[in-house]
Each structure stands twice: as C-alpha cells, then as structure tokens.
Amino acid sequence: MNTEYCKITGDSQADEAVIARAAEVIRHGGLVAIPTETVYGLAGSALLDDSAKKIYAAKGRPADNPLIVHIAYPEEAERIAYPDELYGELAKRFMPGPLTVVLKKRSVIPDTVTAGGDTVAVRCPSNSVAHRLIEVSGHPIAAPSANRSGAPSPTTAEHVRADMDGKIDMILDGGPCEIGLESTVIRLDGDGACTILRPGAVTAEMLGEVCREVRIAPAVIEPALAEAIRPESPGMKYKHYAPRANLVLIDASHETFVKYVRSHASGKYGVLSSNEDAGAFTGGMALLLGPRGNAKEAAKRLFSLLRRADEAELETVYAELPPAEGETLAYYNRIIRAAGCRIVKPGKE
Ligand code: TXA
Ligand code: MG
C-alpha cells in the first residue's frame, strides 16, 4: 500500500482539507497516523471491528492488548462507556490532556478494540490535529502508539514512517510531540479512589488533588525491583519500547555510574546523559536528555534517543536508573521495560 504523507503546515485552510481527507479514510475503515501531545497514534475507527484488526496487524501487536479510544470532548465518554462522577471530576481537571480513564464499556465498541474485555480506556487528547480529526470524522478513534509492537513509541512523523511506511493509508506530520511519553492510564476503584496502571505526565500527586486515594499498580514498578540483575533472557512480556542496542540500566550513584561506564564500555556505545554530564563520557556517543534534573525534557527525548541509538548502530547504551516516584515515575516505567527489566547494581554483579 502507498502511504500518503501530509504535513500540517499551520495554514488553516490547507490543514482542514488534509484533516477532511483523513477523516474520510477513518470513516471508510482505513488507518491514519496522527500526532497527539503524548506520542503519535495509529488511528482507526473505534466503531469498526475491521479497523481494530488492521491496527493490530500493522503494529504486529498481540490481540490480547486492548486499544485506547480517543474522543473529541470529555462528555462523549457517555457514547462509548458508563462514566461516573469521579470521571466527571477528573475530566474537569485533566481533559483534554494526557490522562486515560478505564470505564465499563457500552456495546457500540467492538470486542476487538477492548481485547474481549468489558472495559474501555477513554482519552481526550489536547493536540489540535487529533482533536479535529476525531471531531470531523464523527467516530471515536482507537489509537495505540504508532510503532511496531515492542519498539520505542514514535514522537515524530519520521519515527512513524520508519515503522509504518507501506502498512497504513496516511501519516499526518504535526511536528514533534510535546510530552514524548504516553498518557497516564488509570482505573477507578469506586469510593473516590483510583489506581495508576501506566504512569505518565499526569502524576500520582496531581491525581491526588481530585481522587481520595491514588494507588500505583505493582506492575508499574516491579518486576525490576526484586532482583539486582535478571537473567539474560527475560520473558518477552517484560520487554517493550526496546532499542536494538543492548540497554544497560545502572542503579547507583552518579559517580559510580560514571566509573562503571568508563571501566566497562567498549565497542560502539552511547550514554543517556544530562547536557552537563556528557563530557565525562568521551569514548561514546552522548545521547542528551537535556539539562540535569529536568524530568519533562528527559521524558520528551527518551524514545527519540533510543531510536537515534539504533540509527547510529550502537551496540550498547548505558543509562542511569531514575527514582520510581513523582515526575520521573513514567520515565522509570518505560526505561526498565526498554532494558527488558535487567538492572545492574555495580558491585553486586
Ligand atoms: O498517550 C497515549 O495513550 C497514546 C496516544 C496515541 O494516545 N496511546 C497509547 O496506546 O499509548 P497504546 O495502545 O500504545 O497503550 C495503551 C495502554 C496499554 O498499556 C493497554 O494495556 C492499556 O492502555 N489499556 C487499554 N485498554 C485498557 C483497558 N480496557 N483496561 C486496562 N488497560 C487498558
Ligand atoms: Mg504503545
């Protein structure tokens, strides 16, 4: 299939024409990659069983992993699910934006979209292109991240093209994503409490302004914490967002990290490093995460840097393990999976 590539230029008339065509593709059961504020999504109608099947096929995604359904306005959740009062409160505070809420689903959403489950994950993106496409198509839109299953999520249209060219109808290039990591996914537990199933830019602390209690699902942090080093062949289910390069994740002080890299690195390697610290690693490629301590900037760059490591054909990438809390929890959650949940503790190998 020939994948049509369209740039969103900022010229509102031209952009509306592109969006109108993309909306036609969606209504006819085709697939369009779209920018969102988190990562690029692979969009298809959430009302058509066939579109969901095409999404799974294009990504090579196992059919037991449900898709997020995107709506133009928070109230539209009523059309596809049974939102409760807490959903309304969360929507007021965080939508449109990087929050996905799991709700009991209505029967208009085919089982293929929810992988057979009776719940549907609902998100209302703030990106204007995503918003307009949903609105103009008139369909709620199923959209997983637009990467090959298992690869780092795409944060530019070029990343999408590398993974999806020839497999989908259209790619809308709206420039790089603002946030760079996927939305926070939560389940509502009743009683005003919620559980974070996947951390993102809406943090536990922020959710705590609305929810009585915020829990974090054990799988967000584990299985990495229990063992210092996992065996070389971790179960595939632990591996996600992974570059082809061997990602070596190190749990140590910054000084020990620097020493470890200097004494162990060989071959073609790179280091995920703050701008200020990059000078310490002269033998390898600096993969710059931005200013030291800037969690937002690091989150925005992570996936792009993992892809750059592969473009440069690096064999190994070294990275520091961030704290599993607050603003760095989402980064932590992605990077432990990208490393197949193998964490090196120097001195305890
Ligand atoms: O930021 C995002 O959420 C991006 C953009 C494109 O909107 N989308 C995204 O979709 O990350 P995907 O398919 O790559 O990840 C969806 C996550 C998966 O971890 C999936 O297991 C979970 O959401 N999920 C989807 N439906 C669910 C449900 N009904 N119950 C629990 N988890 C669900
Ligand atoms: Mg994904």
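Whatever order the structure lists them in is the order used to number ligands and atoms, beginning at 1. We count residues from 1, following the sequence as given.
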field: Donor-acceptor pair between Thr9 and Asp15 side chains, under 3.5 angstrom
entry: yes
- line: Closest to atom 10 (O) of ligand 1 among protein heavy atoms sits Pro144 CA, 3.3 Å
- prompt: Does the N or O separation between Tyr40 and ligand 1 drop below 3.5 Å for any pair?
  reply: no
task: Report yes if the side chains of Pro83 and Leu103 come closer than 4.5 Å at any heavy-atom pair, otherwise no.
output: yes
message: What I want to know is whether Thr119 and ligand 1 share at least one N or O pair that is separated by under 3.5 angstrom.
response: yes
task: Check each atom of ligand 1 against the heavy atoms of His70 and keep those under 4.0 Å away; list them by number with element.
output: 5 (C), 7 (O)
- prompt: Just checking, Arg161 and Tyr5: is the charged tip under 6.0 Å from the six-membered ring centre and within 45° of the axis?
  reply: yes
- request: Could you see which bit of Arg187 sits under 4.0 Å from ligand 1, with heavy atoms only: side chain, backbone, both or neither?
  value: neither
- line: So the atoms of ligand 1 within less than 4.0 Å of a heavy atom of Glu182 turn out to be 1 (O), 2 (C), 11 (O)
field: Numbered atoms and elements of ligand 1 in range of Gly41, under 4.0 angstrom, heavy atoms
entry: 6 (C)
message: When you compare ligand 1 with Lys59, is there at least one nitrogen or oxygen pair between them that comes in under 3.5 angstrom?
response: no
message: Can you tell me if Thr114 contacts ligand 1 (heavy atom of the residue under 4.0 Å from the ligand)?
response: no
task: Please confirm whether Thr36 comes within less than 3.5 Å of ligand 1 when only nitrogen or oxygen atoms on both sides are compared.
output: no
query: Could a heavy atom of Arg61 be found less than 4.0 Å from some atom of ligand 1?
result: yes
message: Quick one, Cys177 and Thr38 - any side-chain contact, counting heavy atoms below 4.5 Å?
response: no
task: May I ask you to check if any N/O/S atom from Ser145 comes under 2.8 Å of the Mg ion (ligand 2)?
output: yes
message: Measuring from non-hydrogen atoms of Ala143 to any atom of ligand 1, is the shortest distance under 4.0 Å?
response: yes
- prompt: Are Leu272 and Leu305 side-chain neighbours, meaning at least one heavy-atom pair lies under 4.5 Å?
  reply: yes
Atom 5 (C) of ligand 1 [closest protein heavy-atom partner, distance rounded to 0.1 Å]: Thr38 OG1, 3.6 Å
- prompt: How far is atom 3 (O) of ligand 1 from its nearest protein heavy atom, and which residue and atom name does that atom have?
  reply: Ser183 OG, 2.6 Å
task: Determine, using heavy atoms of Lys105 and all atoms of ligand 1, whether some pair is separated by less than 4.0 Å.
output: no
statement: the protein heavy atom lying closest to atom 17 (C) of ligand 1 turns out to be Arg198 NH1, 3.6 Å
message: Within a 6.0 Å radius of atom CG on Asp11, are there more than 12 heavy atoms belonging to other residues, nucleotides or ligands?
response: yes
Backbone N/O of Ala58 and side chain of Arg148: donor-acceptor pair under 3.5 Å: no
query: Less than 4.0 Å between a side-chain N and a carboxylate O, is that true for Arg106 and Asp118?
result: no
message: Under a 4.0 angstrom heavy-atom cut-off, which atoms of ligand 1 come close to Asn65?
response: 18 (C), 20 (C), 21 (O)
message: I'd like to check which ligand 1 atoms, numbered from 1 as shown, lie under 4.0 Å from a non-hydrogen atom of Pro66.
response: 20 (C), 24 (N), 25 (C), 26 (N), 27 (C), 28 (C), 33 (C)
message: Under a 4.0 angstrom heavy-atom cut-off, which atoms of ligand 1 come close to Ser145?
response: 8 (N), 9 (C), 10 (O), 12 (P), 14 (O)
- request: For Arg244, look at atom CZ and say whether over 12 heavy atoms of other residues, nucleotides or ligands are found less than 6.0 Å away.
  value: no
query: Numbering the atoms of ligand 1 from 1, which are under 4.0 Å from a heavy atom of Ala121?
result: 25 (C), 26 (N), 27 (C), 29 (N)
same_hphob_cluster(Leu42, Val160) at 4.5 Å side-chain heavy-atom cutoff: yes
- prompt: Looking at Arg187 and Asp189, does any basic side-chain N land under 4.0 Å from a carboxylate oxygen?
  reply: yes
query: Going by heavy atoms in the side chains, are Tyr241 and Glu182 under 4.5 Å from each other?
result: yes
Gap separating the SG atom of Cys6 from the CZ atom of Arg21, nearest 0.5 angstrom: 5.0 Å
